[in-house]
Amino acid sequence: MIKRTNASDEYISTPPHEGIVRAQHAGAFADAAHNAHPAASLSAFSGRETARSILKRHFKDAHIHYGAGWSSALYTALLACHVSPGDEVIIPALAPAGIMHAILLAKARPVLVDVRADTKLIDHDAVMEAITEHTRCVVLCHLYGQVTSHEALHAQLAARAIALIEDGSDAFLSLGESESPAAHCDLLVGCLPGWRDVEGELPAFIVTRNQQQNARLSYWTAQHDIAERLFQTIEPEAEEAPYVDLVGQLTDSQDRYFQENISYSLNAQSAIQKQVALYDEALSQMGLRTLANSENCVRILQSYPICLEPFQRAALFDTLYKKGFQICQSYRNLGQLKFFFPQESVGIFPNAANWSGGAISLPTGNHLSGREQKQMITTIEQFKRATAESA
């Protein structure tokens with residue numbers, strides 16, 4: 001059952017050794033979980049629409065597994081990809097701090113690489129250069145809601161027995177518009193827009209098209225839900241699954257609440273696309289740095305980032321904040337990730353550092369009216385004009 005907990009990027013647990021996963025057991029485990037909780041799983045077997053069926057359709061018929069929250073789901077994905085103590089996990093130098101927490105919780109070592117100058121997404125060449133004999137996994141982040149092709153990167157990593165996890169916490173809508181979400185990764189970890197840091201209020205989801213991973217997660221979910229019963233029937237050579245917060249089924253009330261939030265997110269797509277088009281046109285004329293718009297990128301921005309000189313960012317933030325606009329001063333700040341490293345071993349990531357110093361994220365979505373957006377753009381234009389006059 002999903003329960004409310006304090007919002008946090010950190011999930012605290014000590015993972016035991018991973019159990020042996022047998023694909024032929026997965027169906028039996030799932031059936032056992034259903035039989036043990038007939039009331040809780042009613043909606044999944046009543047023949048009507050469920051949150052899981054909506055997500056399955058959104059992700060083009062991929063397998064969907066629920067986690068209690070995004071950070072714990074990411075931690076589960078790392079374990080499912082055999083990340084062990086001492087392994088290295090490569091991540092972009094612009095990434096949620098929660099990814100760092102999950103890696104450290106798995107007792108692995110995070111390795112930062114720089115991002116591309118145009119999209120701020122992870123630089124594939126930098127990933128390949130950072131690989132060592134200890135590299136076990138790469139986490140790719142769909143920053144701001146940008147989804148680009150990474151099929152070649154996945155193939156290169158797979159040839160080296162290195163797993164690829166996609167962080168889709170920024171890109172729920174964009175992934176739904178992609179041709180085949182989770183087709184070129186081992187696992188995709190996602191959540192609804194704005195719910196990444198709210199553990200337990202709504203489920204996060206792990207998406208996969210990998211049958212072995214699907215069997216593993218089904219096994220872990222079933223054993224976690226009804227551990228005592230499975231211990232009596234499991235084959236002797238199968239080890240205990242790690243303790244992870246995977247959720248088998250939701251109650252009817254939880255499922256309805258989840259469906260309502262999924263619908264709200266999906267219904268925001270049209271508004272976001274119009275808002276992004278208006279931002280693109282207006283802000284480019286002011287000489288502000290924004291994300292590159294490429295035909296090869298599915299781009300439904302869950303927030304619209306702009307970048308100024310660092311000394312201007314604080315002043316613009318204060319101006320917009322005092323007028324009541326919902327903005328974020330530091331979105332994916334490299335400094336937050338550097339906190340986890342000894343200062344002398346952090347490395348230099350010029351593209352990430354250049355962006356972190358001056359980035360502000362402007363709102364998008366149903367809560368932003370057309371009038372409010374135009375007022376915000378006018379405020380930014382007046383700020384730029386006043387700054388230029390005083391220079």
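In what follows, residues are counted from 1 in the order of the sequence shown.
Between atom CG of residue Leu301 and atom CG of residue Asp170 there is a gap of 9.5 Å, rounded to the nearest 0.5 Å. The distance from the OG1 atom of Thr251 to the OH atom of Tyr257 is 12.5 Å, given to the nearest 0.5 Å. Atom-to-atom distance recorded for Phe325:CZ and Phe317:CZ is 13.0 Å, nearest 0.5 angstrom. With rounding to the nearest 0.5 angstrom, the CG atom of Asn214 is 11.0 Å from the CD1 atom of Ile206.
Both Ile122 and Leu157 are members of a single hydrophobic cluster when ILVMFWY side chains are connected at heavy-atom separations under 4.5 Å. At a threshold of 4.5 Å between side-chain heavy atoms, the hydrophobic network of Ile, Leu, Val, Met, Phe, Trp and Tyr places Tyr75 and Ile90 in two separate groups. Cluster annotation: Leu105 is not connected to Val138 through the hydrophobic network of ILVMFWY side chains, with a link wherever side-chain heavy atoms come within less than 4.5 Å. Grouping the Ile, Leu, Val, Met, Phe, Trp and Tyr side chains by contacts below 4.5 angstrom, directly or via other members, places Leu173 with Leu291. Leu140 and Met100 sit in two unconnected hydrophobic clusters of ILVMFWY residues. Membership requires side-chain heavy atoms under 4.5 Å apart, directly or through other members.
In this structure a side-chain-to-backbone donor-acceptor pair under 3.5 Å is missing from Asp245 to Gly67. Distance alone, capped at 3.5 Å, places no donor-acceptor pair between the Glu88 side chain and the Ile131 backbone. Remark: the backbone N or O of Thr132 is paired with a side-chain donor or acceptor of Thr135 at under 3.5 angstrom. A donor-acceptor contact shorter than 3.5 Å is absent between the side chain of Glu381 and the backbone of Ala282. Side chain of Thr221 to main chain of Gly248: no donor-acceptor pair is present (N/O by atom type, distance under 3.5 Å, no hydrogens or angles). Proximity of a side-chain donor or acceptor of Asn267 to a complementary backbone N or O of Ser263 within less than 3.5 Å is detected. When atom types are taken as modelled, the side chain of Gln156 and the backbone of Met128 share no donor-acceptor pair closer than 3.5 angstrom. Judged purely by atom type and a 3.5 angstrom limit, Asp87 has no side-chain atom pairing as donor or acceptor with the backbone of Ala108. Side-chain atoms of Asp114 come within 3.5 Å of backbone atoms of Asn351 as a donor-acceptor pair (strictly under, hydrogens ignored). A donor-acceptor pair under 3.5 Å links the side-chain atoms of Lys120 to the main chain of Ala117, judged by distance alone.
Pro181 and His58 make their closest contact through CG-O, 4.5 Å (heavy atoms, listed as atom of the first residue, atom of the second, distance). In this structure, Tyr279 and Pro363 approach most closely via the heavy-atom pair OH-O, 2.9 Å. Considering all non-hydrogen atoms of both residues, Leu112 and Pro92 come closest at CD2-O, 3.9 Å. For Asp167 against Pro96, the heavy-atom pair with the smallest separation is OD2-CG, 3.6 Å. Among all heavy-atom pairs drawn from His65 and Ser218, the shortest one is CE1-OG, 3.3 Å. What you find for Leu187 and Leu217 is that their closest heavy atoms are CD2-CD1, 3.9 Å.
For the pair Ser149/Asn296, no side-chain contact is recorded, criterion being any heavy-atom separation below 4.5 Å from C-beta on. Residues Ile91 and Cys141 are not in side-chain contact: their nearest non-hydrogen atoms beyond the backbone lie 4.5 Å or more apart. With a 4.5 Å cut-off on side-chain heavy atoms, Leu121 and Thr148 count as touching. Here the side chains of Gln273 and Val276 are not in contact, with every heavy-atom distance at 4.5 Å or above. The shortest distance between side-chain heavy atoms of Ser303 and Tyr144 falls below 4.5 Å. Val83 places none of its side-chain heavy atoms less than 4.5 Å from the side chain of Ile103. Side chains of Leu250 and Pro203 form a contact here, defined as non-hydrogen atoms less than 4.5 Å apart. For the pair Val298/Glu179, no side-chain contact is recorded, criterion being any heavy-atom separation below 4.5 Å from C-beta on.
In this model, no donor atom of one side chain and acceptor atom of the other lie less than 3.5 Å apart for Glu166 and His184. Under 3.5 Å, the side chains of Thr208 and Asn210 contain no donor-acceptor pair of N or O atoms.
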Applying side-chain contact (heavy atoms from CB on, under 4.5 Å) to Gln249 and Arg52, what does each step give before you reach the verdict?
CA-CA 9 Å; Gln249 301 294 341; Arg52 192 185 300 272; 4.1 Å; yes
Go through the steps to decide whether Glu260 and Tyr264 satisfy the test side-chain contact (heavy atoms from CB on, under 4.5 Å), and finish with yes or no.
CA-CA 6 Å; Glu260 290 170 0; Tyr264 179 84; over 6 Å; no
Assess whether side-chain contact (heavy atoms from CB on, under 4.5 Å) is satisfied between Val207 and Leu55, documenting all intermediate values.
CA-CA 9 Å; Val207 184; Leu55 290 173; over 6 Å; no
Criterion side-chain contact (heavy atoms from CB on, under 4.5 Å) on Ile306 and Met286, from CA distance to verdict:
CA-CA 11 Å; Ile306 60 175; Met286 301 181 200; over 6 Å; no
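A side chain to side chain donor-acceptor pair (under 3.5 Å) check over residues 371-380, counting only residues at least two apart or in different chains, returns the pairs Ser369-Glu372.
Residues Glu389 and Arg385 are not paired through a salt bridge, judged by the lack of any N-O separation under 4.0 Å between the basic side chain and the carboxylate. Between Lys56 and Asp61 there is a salt bridge, with a side-chain nitrogen of the basic residue lying less than 4.0 Å from a carboxylate oxygen of the acidic one.
A tilted orientation is assigned to the rings of His150 and His142, their planes being inclined by 30° to 60°.
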